[in-house]
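This report concerns only the one structure given below.
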Protein chains: 2
Amino acid sequence: MSAQPLVPSEHRSGALLDHLARRMRLRSESVLAPLGLRPRHLVALTVLRDGDGISQQALASTLEMDSTNIVGLLNDLEAKQLIERRRSPEDRRRHVVELTEDGAKRLNEAECALAGAENEVLGALEPADRERLYLLLRQAATGTTVICSTAIHEDETSSDTC
Amino acid sequence: MSAQPLVPSEHRSGALLDHLARRMRLRSESVLAPLGLRPRHLVALTVLRDGDGISQQALASTLEMDSTNIVGLLNDLEAKQLIERRRSPEDRRRHVVELTEDGAKRLNEAECALAGAENEVLGALEPADRERLYLLLRQAATGTTVICSTAIHEDETSSDTC
DNA sequence: AGGATCGTCTGTGTAGCACCAACCATTTAT
DNA sequence: ATAAATGGTTGGTGCTACACAGACGATCCT
């Protein structure tokens, strides 16, 4: 076995993403349980926070989930009053999904609660790198560059008992 | 531990990680199918490439999977001759798992094949940012800092593959 | 009026995975 | 030497997430 990597590996993030997401999800489950949330609820809420007031169809496509399964997901969230469905004025077939205040608050609480989990999973990264990672992930997820000032502004409003 | 960050940034990456991993996995499945692989196989192979010659138990703990399920996973991989199980000389109960040459090759092929999927999911990031993301993810996953010179070296030579 | 679309409900099937129990080979402790 | 612990394997059970399909009401667009 000659140790001669003449063909070095491609730098694909897929598997790493998968791996880290799994590790994070495993921890998240137990942390989120007391809040009555599951990891996928959090994903939905996060998406809703970024693009508020979107149709269920749009949500389904962002989440890349079957729309029939979105229904159940939103039912959960609505039962807990974390989101609201209201009919669109333009097209009354459509439901516009919005984060309620409770929803935003709960999301924030959840994120705070996840600090420990993130520490475990992202322990090898120093705070600055974690923030860098966050910004990259967010940009990839939303397709928009996050301007620093915006991020700082968001910081103020969300300063809870973290 | 009561260390409170001066800037209470609840920039939690968990949900984003989850979301992007899912999007990537959905695309990966179809791309990987012709190669006889599934996303989780790729995760295992990736881990194996980094820490070669580890016991199944160690693998189970890195992957954070139940060791009974690792068996099946490795059976798949071994049947395709992408990995080898050989008994450890020090402790003959142990199986040392190693990537075969075929395995390394296949992993590389798979990563090349995933270029398209990654383009779709990480489209909002320019190449330099993708590399940055990769390095951060890798550091988080392996716990080791990837030295830049190494990364750059790998970069040059890897362009001939894809 | 007729057809398409959005959301809802119900049901079916499959995959990933945790968990349990039993078992063999081997190592370590008594 | 015997007992106990450990690494791996096999088989089974059950849960959850999810895709997919069919049917329905409401609404929009011709």
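Chain A is the first sequence line, chain B the second, and so forth, proteins listed ahead of strands; every chain is numbered from 1.
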Measure CZ/Arg27(A) against P/dA18(C) and give the value in whole Å, please. 12 Å
For residues 13-22 of chain A, run the donor-acceptor check on the side chains, cut-off 3.5 Å, and write out each pair with its distance to 0.1 Å, sequence neighbours left out.
{"unit_1": "His19(A)", "atom_1": "NE2", "unit_2": "Thr62(B)", "atom_2": "O", "d": "3.0"}
{"unit_1": "Arg22(A)", "atom_1": "NE", "unit_2": "Leu63(B)", "atom_2": "O", "d": "3.2"}
{"unit_1": "Arg22(A)", "atom_1": "NH2", "unit_2": "Glu64(B)", "atom_2": "O", "d": "2.8"}

Classify every nucleotide of nucleotides 13-23 of chain D by which part a protein heavy atom approaches to under 4.0 Å, writing B for the base, S for the sugar-phosphate alone and - for neither, in 5'-to-3' order. ---SSSBBB--
Listed by chain and number, what are the side chain to side chain contact (heavy atoms under 4.5 Å, CB included) partners of Arg93(B), not counting sequence neighbours? Asp91(B)
Set of residues satisfying side chain to side chain contact (heavy atoms under 4.5 Å, CB included) with respect to Glu120(A), sequence neighbours excluded: Arg27(A)
Hey, what are the protein-to-nucleotides 5-8 of chain D N/O distances that come in under 3.5 Å?
{"unit_1": "dT6(D)", "atom_1": "O4'", "unit_2": "Arg93(B)", "atom_2": "NH1", "d": "3.2"}
{"unit_1": "dT6(D)", "atom_1": "O2", "unit_2": "Arg93(B)", "atom_2": "NH1", "d": "2.8"}
{"unit_1": "dG7(D)", "atom_1": "OP1", "unit_2": "Gln57(B)", "atom_2": "NE2", "d": "3.1"}
{"unit_1": "dG7(D)", "atom_1": "OP2", "unit_2": "Gln57(B)", "atom_2": "OE1", "d": "2.4"}
{"unit_1": "dG7(D)", "atom_1": "O5'", "unit_2": "Gln57(B)", "atom_2": "OE1", "d": "3.2"}
{"unit_1": "dG8(D)", "atom_1": "OP1", "unit_2": "Gln56(B)", "atom_2": "N", "d": "3.0"}
{"unit_1": "dG8(D)", "atom_1": "OP1", "unit_2": "His95(B)", "atom_2": "N", "d": "3.2"}
{"unit_1": "dG8(D)", "atom_1": "OP1", "unit_2": "His95(B)", "atom_2": "O", "d": "3.3"}
{"unit_1": "dG8(D)", "atom_1": "OP2", "unit_2": "Gln57(B)", "atom_2": "N", "d": "2.9"}
{"unit_1": "dG8(D)", "atom_1": "O3'", "unit_2": "His95(B)", "atom_2": "ND1", "d": "2.9"}

In this structure, how many angstroms lie between the C1' atom of dT8(C) and the CG atom of Leu77(A), rounded? 17 Å
If you find the nucleotide of DNA chain D closest to Pro89(A) and the one closest to Asn75(B), which residue's nucleotide is nearer the 5' end? Asn75(B)
Write down the distance between CZ (Arg86(A)) and C1' (dC6(C)), rounded to a whole number of angstrom. 18 Å
Should Lys80(B) and Asp102(B) count as an ion pair when the cut-off is N to O under 4.0 Å? no
Side-chain donor-acceptor pairs under 3.5 Å in residues 34-48 of chain B, sequence neighbours left out?
{"unit_1": "His41(B)", "atom_1": "ND1", "unit_2": "Arg38(B)", "atom_2": "N", "d": "3.0"}
{"unit_1": "His41(B)", "atom_1": "NE2", "unit_2": "Asp76(B)", "atom_2": "OD2", "d": "3.1"}
{"unit_1": "Thr46(B)", "atom_1": "OG1", "unit_2": "Leu42(B)", "atom_2": "O", "d": "2.6"}

The criterion is side chain to side chain contact (heavy atoms under 4.5 Å, CB included); which residues satisfy it with Asn69(B), sequence neighbours excluded? Met65(B), Asp66(B)
Can you sort out the partners of Glu29(B) under salt bridge (Lys or Arg N to Asp or Glu O under 4.0 Å), two or more places apart, ordered by chain and number? none
Let me know the distance between NE2 of His19(A) and P of dG16(C), rounded to the nearest Å. 17 Å
Apply salt bridge (Lys or Arg N to Asp or Glu O under 4.0 Å) to Arg92(A) and list each qualifying residue two or more places apart in sequence or on a separate chain. none
